[in-house]
Protein chains: 2
Amino acid sequence: MSFSHPASSPNVTMADVARIAGVSTITVSRALRAPQTVAPATRERIEQAIQQTGYVFDSVAGSLKSRRTNLVLVLIPSIMHSYLAHMIQGISDVISPRGLHLVLGTTEETPEGEERTIRAFLPLRPCAILMHNTVHTARTREELLRYGVPLIETGDLIAEPLGHVVSYSNHEAARAMTAHLAATGRKRIAFIYRGPGNERTWIRRSGYRQALADAGLTFAPELEVAAEPGFAGAATALRYLMGLAQPADAGFFVGDDLAAGAMIECQRQGWSVPGRIAVAAYDDSELAAHVDPGITSLRIPRYELGRQAGELLLESLESGAPLSDSRSIDLGFTLNVRQST
Amino acid sequence: MSFSHPASSPNVTMADVARIAGVSTITVSRALRAPQTVAPATRERIEQAIQQTGYVFDSVAGSLKSRRTNLVLVLIPSIMHSYLAHMIQGISDVISPRGLHLVLGTTEETPEGEERTIRAFLPLRPCAILMHNTVHTARTREELLRYGVPLIETGDLIAEPLGHVVSYSNHEAARAMTAHLAATGRKRIAFIYRGPGNERTWIRRSGYRQALADAGLTFAPELEVAAEPGFAGAATALRYLMGLAQPADAGFFVGDDLAAGAMIECQRQGWSVPGRIAVAAYDDSELAAHVDPGITSLRIPRYELGRQAGELLLESLESGAPLSDSRSIDLGFTLNVRQST
DNA sequence: ATGAAAGCGCTAACAT
DNA sequence: ATGTTAGCGCTTTCAT
């Protein structure tokens, strides 16, 4: 597509500012980037020239020569996943004060979508890349490693990351919750996830299965249910589970709002919680804490995940350490037991 | 800050590709941007050279020469406001296929924050700017107009926009809901907003007050309450309203999740809804529709707001029309009446 | 503390 | 359909 709209019309350049201030362009450049290296009096004249002309620095030109942008690419499955908002805010809070900007891309939940998105974004020359995903195509892995900027993966603690990892263990979190349900005497614990599920879903499911095995409970395939998104999906899944020959006595709802939908359905049907069925949620929310009965949930430190990822990114940029010596940070999770279990 | 990390190491340039393909750089450039203007055989050789070298286009250099970036600046109050996610997704869905990238900035809810953010982002030379805000400092207005790219404001239909407007009327929406409450016989209608409130809050309040006047109800200052954020804030506000000498008989909850918090408190206190008090929400949500009783809410077309803003932005970029001939699009709202009123 | 020269990797403008 | 020339606005490098 060709845009006839100029980014900015007859423009004031650094050269103009320099001329007015009676210095060379490089001095203006230094006054902007490292003020302390320019004499106060000179700086003053430059400031005035900038005010007078309304000069706006052009980082496109700056980046071309310096071979360094201030763009951080953040790749997420979808913007609509509200649970990512906290993480993104965490990233933003850390990088913005350092002059870095956040460019948002979505992967549509698939490695292929991620590959397309990355290919579309690399021409921007981001100075770092953060991905809420740990499963990539071979080409993506290769292209990212070749590109050579700091890489951070979030989403799960993985064995062979591309670069840094900041996360918690999905497997352990799901296992801990399932173990809690088993410890409170539940025998028919269902695992309800938002279909069609992604890599993290399967990891969580493996934690669930492991906890069942640990507790000596028999694994029942009919208790693993892919729910349609939304409250209605949760309700449908729950009705199915309660209608089984051997009904579920606990539901572990893995995904945005699934547990809330289930609670509403229990109320509607008159199924007492936790009397008839225990309800547990993967992700904590204000709702989970405030409804009556409160919903037992896993608290994932989403904001902190973003903050730490941002910090790590800044450190990496400053140290210039090679991708190969990467760090893996485990931020853990908390099991908030409430009245629903 | 100085980063020693190169955005990309010893790089393949267009000149390298051109040499290998046996053409000039401009031909490679054309093959990438307008393939149909290059002979198929030539194109083929260029493709191969790109594959072979792993060449990645550098849009920093491209933008410098063409004076045109593909960055769209999207300014929002805060990333944590989940109701904006739909709008941002709408924008993204429209602009991504056209090769534009979304850069996210936050204004911290104040015109001064917005001014700082814009100043920090203008050096990126975004090709368009979208703001979920209609109140700007004088300097911001001046800087944006001078900068000269297409501008879109969302958040409210305003009389004197900087550029285009895509929104609905906050005043009319609040008025319609309040009128509905009055029409169903409520006399003591409370207006509960998330404190400290922003420009949109006051506009909505003016709609509320207008509807009261229209219905011949006396305005009661004690019925306008700034709630603390979160469910607890809504509960506190509600208890206050019910404890008044003349208690409220309807609550219009204006802000994220306030209504849900109120419903929970009603349940806890045993206040029947809508018998003892009617509950209405400014913003529709899945929760509002599914809880029992369902919550009467205003549906704001958030995704569509983003989509249309994106479309308008693309049109503006293509037409190159001056900022002055801007459009104002009213997407309206819907009043979803449910059992809570 | 400041400057001169060179050039980053592309694309506009004008050929042919 | 393809090429030549020039230069976008900065920063690097090397001087002074």
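Source: prediction; values computed, not measured. Letters A, B, ... mirror the listed sequences (proteins, then strands); counts begin at 1.
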Measure the shortest side-chain to side-chain distance between Tyr147(A) and Leu323(A) over non-hydrogen atoms and say whether it is less than 4.5 angstrom. no

How would you summarise protein contacts on nucleotides 1-8 of chain D per nucleotide, using B for base, S for sugar-phosphate only and - for none, with heavy-atom distances below 4.0 Å? SBBB--BB

Quickly work out the [X] [atom1] to [N] [atom2] distance and round it to whole Å.
X         : N       : atom1 : atom2 : value
Ile46(B)  : dC10(C) : CD1   : P     : 13 Å
Met14(B)  : dC8(C)  : CE    : P     : 15 Å
Arg19(A)  : dG3(C)  : CZ    : P     : 14 Å
Asp16(A)  : dG9(D)  : CG    : P     : 9 Å
Leu124(A) : dG9(C)  : CG    : P     : 17 Å
Arg33(B)  : dG9(C)  : CZ    : C1'   : 13 Å
Arg68(B)  : dT11(C) : CZ    : C1'   : 9 Å

Just by distance, no angles: are the side chains of [X] and [Y] close enough, under 3.5 Å, to form a donor-acceptor pair?
X         : Y         : result
Arg33(A)  : Ser29(A)  : yes
Asp93(A)  : Tyr303(A) : yes
Glu153(B) : His164(B) : no

Should the pair Arg98(A)-Glu318(A) be classified as a salt bridge under the 4.0 Å nitrogen-to-oxygen rule? yes

Salt bridge between Arg307(B) and Glu304(B), side-chain N to carboxylate O under 4.0 Å? yes

Starting the side chain at C-beta, find the nucleotide from dG9(D), dC10(C), dA12(C) nearest to Tyr55(B). dC10(C)

